[in-house]
Protein chains: 2
Amino acid sequence: MSCRNKLDTIFRSDLRDLMLISYVVLGNNAVTNRYIERTYRMPVQAWSALFAIVMFPGIKAKEIRALFPRPQNTISRAVSLLEARGLIEQRASAADGREKELLATAEGASLLAEIRAASVARQEELFAPLTPAERETFFELARKIAASPQLLETRTMAIDPESGKDGGSGPD
Amino acid sequence: MSCRNKLDTIFRSDLRDLMLISYVVLGNNAVTNRYIERTYRMPVQAWSALFAIVMFPGIKAKEIRALFPRPQNTISRAVSLLEARGLIEQRASAADGREKELLATAEGASLLAEIRAASVARQEELFAPLTPAERETFFELARKIAASPQLLETRTMAIDPESGKDGGSGPD
DNA sequence: CAAGAATTGATCCAGATGGATCTATCTGGC
DNA sequence: GCCAGATAGATCCATCTGGATCAATTCTTG
């Protein structure tokens with residue numbers, strides 16, 4: 001059985017949906033991450049953070065976390081890297097001394113525009129197999145999944161089963 | 001602007017497709033990886049490899065790589081871990097002394113069945129927002145993307161631009 | 001059948017990852 | 001105002017990651 005046939009078999013198995021979406025995203029990430037890393041010497045979450053900061057001037061680190069589901073220290077490090085390179089500036093929040101408002105510098109905005117153009121090109125390449133109508137359908141369906149709370153708050157894979165506070169045995 | 005509104009804005013931007021699919025998969029991975037890691041003390045690729053070995057007895061490490069787009073040494077380590085735990089066995093290939101045929105042990109098959117059941121449950125949870133017809137449509141569209149060569153072989157994000165051998169400047 | 005090229009899988013190592021912890025600040029009860 | 005608890009973000013550290021390299025084996029070509 002060839003690798004191609006093995007892949008088809010997996011995409012006919014009981015886990016076909018998860019396997020397929022993982023395949024697509026792992027494959028795309030391998031391509032994208034390597035490019036960003038080599039070309040700009042920064043991890044993907046750094047440019048994601050820069051994207052968020054350019055889109056939403058004054059955004060807080062905590063809010064970036066809601067946009068890109070990554071651990072808190074990952075965002076913290078990405079912000080440090082961006083600041084060390086002069087791509088963003090941090091400004092203490094007037095309302096809350098713990099928070100820091102993040103703002104892109106001119107260099108940051110310029111660099112983001114460059115990475116963004118490359119990302120849009122990659123996006124078009126990746127979605128080229130779909131017609132515009134199919135692409136819209138795909139987007140809407142993925143949107144439904146993204147909008148549902150169980151994407152981030154699982155019941156089936158709840159951790160801490162001994163306390164049962166997140167488990168399936170509690171009241172609903 | 002709330003986090004919810006920020007997210008909506010991102011999903012209306014020029015990078016909405018990539019952002020959305022990344023959001024879904026990063027969010028799901030956070031949930032799934034944490035669970036597998038905590039419950040079974042193994043990285044996700046280890047159970048992916050076990051899945052492949054149970055599905056295709058005698059599979060080679062190289063072939064697993066084609067099923068799960070991960071670096072070669074990642075698969076190599078995952079196989080070592082599975083063997084160290086007695087979940088699989090390696091058998092030298094008769095045809096090629098470099099290759100090793102991988103076979104699950106009874107414990108391996110049993111553990112996989114357990115993880116697999118949890119994964120199917122998670123899959124159903126994740127795709128619950130879609131109707132069966134929508135889910136089928138989503139699968140078919142993702143399938144198209146997975147089947148196209150540009151998923152793994154990019155032209156827009158080709159590395160090694162100085163040699164130009166994969167770059168966009170060459171003949172098409 | 002010998003020498004070089006190619007391929008499989010293991011190992012090395014610099015840097016990344018993420019859970020846990022720490023510090024600083026804010027909020028609420030008294 | 002003071003103290004306990006909550007929250008934002010930084011840092012620690014054990015572990016993981018993946019590109020590069022290595023060793024063993026096979027293929028190619030004459």
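Throughout, protein chains are lettered first and strands after them, A, B, ... in sequence-line order, and every chain is numbered starting at 1.
Proximity of B/Thr32 to A/Met157: side-chain heavy atoms (C-beta onward) are separated by under 4.5 Å at one or more points. For the pair A/Gln123/B/Leu15, a side-chain contact is recorded, criterion being any heavy-atom separation below 4.5 Å from C-beta on. Contact check for B/Tyr23 versus A/Leu152: side-chain heavy atoms found under the 4.5 Å cut-off.
Atom CG in B/Asn73 sits about 7 Å away from atom P in D/dG18, given to the nearest Å. Across the protein-nucleic acid pair, A/Ile64 atom CD1 and D/dG9 atom C1' stand 12 Å apart, rounded to whole Å. In this entry the distance linking CZ of B/Arg38 with P of C/dT17 reads 22 Å, nearest Å. Residue A/Arg41 contributes atom CZ, which lies 12 Å from atom C1' of C/dG15 at whole-angstrom precision. Regarding B/Ile36, its CD1 atom lies at a distance of 17 Å from the C1' atom of C/dG18, rounded to whole Å. Rounded to a whole Å, the CG atom of A/Asn33 is 14 Å from the P atom of D/dT17. Across the protein-nucleic acid pair, B/Tyr35 atom OH and C/dG19 atom P stand 16 Å apart, rounded to whole Å. Computed from coordinates, the A/Ile75 CD1 to D/dT11 P distance equals 16 Å when rounded to whole Å.
Every side-chain contact (heavy atoms from CB on, under 4.5 Å) that A/Val54 has, sequence neighbours left out, goes to A/Leu50, A/Ala104, A/Leu112. For A/Glu107, the side-chain contact (heavy atoms from CB on, under 4.5 Å) partners at least two apart in sequence or on another chain are A/Leu87, A/Thr105. Not counting sequence neighbours, the partners of A/Arg70 by the side-chain contact (heavy atoms from CB on, under 4.5 Å) test are A/Gln45, A/Phe68, A/Thr74, A/Ile75, B/Leu26. Legend: residues meeting salt bridge (Lys or Arg N to Asp or Glu O under 4.0 Å) with B/Arg34, ordered by chain and number and at least two apart, are absent.
Contact annotation: B/Arg70 side-chain N/O to D/dG18 OP1/OP2 distance is under 4.0 Å.
Closest to the side chain of B/Gln72, from the set C/dG18, D/dA10, D/dA20, is D/dA20.
Screening residues 110-122 of chain B for salt bridge (charged side-chain N to carboxylate O under 4.0 Å, His left out), with sequence neighbours left out, gives A/Asp14-B/Arg116, B/Arg122-B/Glu125. Within the structure, salt bridge (charged side-chain N to carboxylate O under 4.0 Å, His left out) contacts touching residues 126-150 of chain A (residues at least two apart or in different chains) are A/Glu124-A/Arg135, A/Glu134-B/Lys144, A/Arg135-B/Asp17, A/Glu136-B/Arg16, A/Arg143-B/Asp8, A/Lys144-B/Glu134. Applying the salt bridge (charged side-chain N to carboxylate O under 4.0 Å, His left out) definition to pairs two or more places apart or across chains, those involving residues 81-94 of chain B are B/Arg91-B/Glu101.
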Between N or O atoms, less than 3.5 Å apart, protein on one side and nucleotides 4-8 of chain C on the other: list the pairs.
residue : atom : partner : partner atom : Å
C/dT7   : O4'  : B/Arg98 : NH1          : 3.4
C/dT7   : O2   : B/Arg98 : NH1          : 2.7
C/dT8   : OP1  : B/Lys62 : NZ           : 2.9

Would you tabulate the nitrogen or oxygen pairs shorter than 3.5 Å linking the protein to nucleotides 1-5 of chain D?
none

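With the nearest nucleotide of DNA chain C identified for both A/Thr74 and A/Gly97, A/Thr74 has the one nearer the 5' end.
Between A/Lys6 and B/Phe56, the closest heavy-atom pair is O-CZ, 3.4 Å. When all heavy atoms of B/Val24 and A/Ala142 are compared, the pair lying nearest together is CG2-O, 3.9 Å. Here the shortest heavy-atom pairing between B/Tyr35 and B/Ala118 reads CE2-CB, 4.1 Å. Nearest approach of B/Phe51 to A/Ser13, heavy atoms of both residues: CZ-OG, 3.9 Å. Looking at every heavy atom in both residues, B/Asn28 comes nearest to A/Leu151 through N-CD1, 3.7 Å. Listed here is the closest heavy atom pair of A/Ile53 and A/Leu82: CD1-CD1, 4.3 Å.
Residue B/Ser76 is in base contact, counting any heavy-atom pair closer than 4.0 Å across all strands shown.
For DNA chain C, no neighbouring residue in residues 19-32 of chain A is found when judged by any heavy atom under 4.0 Å. Listed by residue number, A/Arg77 are the residues of residues 77-87 of chain A with a heavy-atom contact under 4.0 Å to DNA chain C.
Each end of the helix from C/dC1-D/dG30 to C/dC30-D/dG1 gets its own axis, taken as the rotation carrying the C1' atoms of four end pairs onto the next four within a five-pair window, and the two axes meet at 30° to the nearest 10 degrees.
No path of Ile, Leu, Val, Met, Phe, Trp and Tyr side chains, each step under 4.5 Å between heavy atoms, connects A/Leu103 with A/Leu81, placing them in separate hydrophobic clusters.
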